[in-house]
Amino acid sequence: MLEDVCFYLEHYSSLLDLKDAESVTLVAKKIAVSHFNQLHDFVRSVVLSTQWQLSRQDDLNRFDATQAEAQWSDTQALERRLGEYHEELECTMIQCRVPLQDLDVEHVGDWKDVGADFQFLYMRFKDIRRRVEGLNSAITALTNLAAARQALKSQEVALREAKNTKVLTFLGLVFIPLAYTATLFSMAEPYAPGGDKFWQYFAISIPLIVLVGSLYYFSARGLSMM
């Protein structure tokens with residue numbers, strides 16, 4: 001700060017009244033205003049970049065929960081830091097005896113009116129803070145949406161596996177009576193394929209299949225109703 005103040009006093013002394021001690025503080029205040037202005041422009045560029053990335057997406061399915069949570073964390077940090085910047089600006093304005101209010105354009109004086117500069121920055125920081133809060137709410141909603149979609153995909157996978165298990169169970173219900181009947185009739189020769197009593201294999205197996213399938217169906221319906 002000291003080097004900057006000396007630079008402006010050496011090269012732009014014609015714009016200042018060096019007989020007034022306030023000229024030195026005027027240069028220091030202008031430098032502080034410039035630093036806060038650059039800080040605001042940096043935060044604004046970050047916010048605009050994040051908003052542009054969200055607005056240029058035509059398919060939000062590519063956002064998974066991890067990516068959305070990372071953006072939410074970054075926005076939370078940005079909102080916290082922006083609150084600190086706003087508090088620092090308010091402290092600086094209080095130290096410079098500048099009222100904490102928005103700029104009134106009708107009462108702006110010449111370029112030496114540092115109070116107007118600080119009030120304009122105060123207004124800009126409040127505006128960018130509101131935008132960050134809105135962006136934070138949007139990313140929070142996006143995080144919830146991504147988590148819901150991920151949960152829906154998990155439910156779809158579980159439902160698909162349940163259907164596959166149901167098919168395997170049905171196949172087992174069909175083949176278990178057949179295997180049981182084949183084992184039972186394999187004890188004697190007349191019931192083997194090509195024997196005189198081989199027709200009894202189908203006469204007993206088919207009713208068993210219908211009976212076991214009916215028991216499975218009604219038990220499944222009873223469990224679903226419960």
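Just so it is clear, the model here is predicted, and its values are computed rather than measured. Scope of the values below: all heavy atoms of this structure, side chains included, with no hydrogens, waters or symmetry mates.
Under a hydrophobic clustering in which Ile, Leu, Val, Met, Phe, Trp and Tyr are joined whenever their side-chain heavy atoms come within less than 4.5 Å, directly or via other members, Ile94 and Leu89 fall into the same cluster. Leu211 and Ile206 are assigned to two separate hydrophobic clusters, defined by single-linkage of ILVMFWY side chains at heavy-atom distances under 4.5 Å. Both Leu39 and Leu100 are members of a single hydrophobic cluster when ILVMFWY side chains are connected at heavy-atom separations under 4.5 Å.
A distance of 10.5 Å separates CG in Leu26 from SG in Cys96, rounded to the nearest 0.5 Å. The line from OG1 of Thr169 to CD1 of Ile176 is 9.5 Å long, rounded to the nearest 0.5 Å. Between the CG atom of Leu78 and the OH atom of Tyr85 there is a distance of 8.0 Å, given to the nearest 0.5 Å. Separation of atoms CG (Asp117) and CE (Met93) is listed at 10.5 Å; rounding is to 0.5 Å. Interatomic distance, CZ of Arg131 versus OG1 of Thr50, reported as 11.0 Å (0.5 Å rounding). Note that SG of Cys6 is 11.5 Å distant from CE of Met1, once rounded to the nearest 0.5 Å.
Considering only residues two or more places apart in sequence or on other chains, Asp74 meets the salt bridge (charged side-chain N to carboxylate O under 4.0 Å, His left out) condition with none of them. In terms of the salt bridge (charged side-chain N to carboxylate O under 4.0 Å, His left out) criterion, residue partners of Arg80 (sequence neighbours excluded) are, by chain and number, Glu84. Here Ser154 pairs with nothing under the side-chain contact (heavy atoms from CB on, under 4.5 Å) rule; sequence neighbours left out. Shown here are the side-chain contact (heavy atoms from CB on, under 4.5 Å) partners of Leu9, two or more places apart in sequence or in another chain: Val5, Leu16, Leu18, Val24, Val27. Remark: Pro99 engages Gln101, Gln119 in a side-chain contact (heavy atoms from CB on, under 4.5 Å) (not counting sequence neighbours).
Using a 4.5 Å heavy-atom threshold, the side chains of Ile31 and Tyr8 count as touching. Looking only at side-chain heavy atoms (C-beta outward), Val33 and Leu121 come within less than 4.5 Å of each other. Side chains of Leu159 and Gln155 form no contact here, defined as non-hydrogen atoms less than 4.5 Å apart. Using a 4.5 Å heavy-atom threshold, the side chains of Glu79 and Leu135 count as separate.
A donor-acceptor contact shorter than 3.5 Å is absent between the side chain of Ser34 and the backbone of Lys30. A donor-acceptor distance shorter than 3.5 angstrom exists from the side chain of Thr165 to the backbone of Glu161, with no hydrogens or angles considered.
For the pair Tyr122 and Asp102, the tightest heavy-atom approach, listed with the atom from each and the gap, is CD2-OD1, 3.8 Å. The two residues Pro207 and Phe202 come nearest to each other via the heavy atoms CD-O, 3.9 Å. Of all non-hydrogen atoms in Ile128 and Arg44, the two that sit nearest each other are CD1-CA, 3.9 Å. Scanning all heavy atoms of the two residues, the minimum distance from Ser45 to Phe42 falls at OG-O, 2.5 Å.
Two rings, from His40 and Phe36, have their centers 6.0 Å or more apart.
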**Item:** Stepwise side-chain contact (heavy atoms from CB on, under 4.5 Å) test for Val43 and Phe125
**Value:** CA-CA 9 Å; Val43 176; Phe125 268 91; 5.6 Å; no
**Request:** May I have the step-by-step check of salt bridge (Lys or Arg N to Asp or Glu O under 4.0 Å) for Asp41 and Arg124, ending in yes or no?
**Result:** CA-CA 10 Å; Asp41 291 341; Arg124 296 186 71 190; 3.4 Å; yes
**Prompt:** Passes side-chain contact (heavy atoms from CB on, under 4.5 Å), Lys153 versus Val157? Steps please.
**Reply:** CA-CA 6 Å; Lys153 291 181 180 179; Val157 173; 5.6 Å; no
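Applying the side chain to side chain donor-acceptor pair (under 3.5 Å) test to every pair with at least one member in residues 88-99, sequence neighbours left out, gives no pairs at all.
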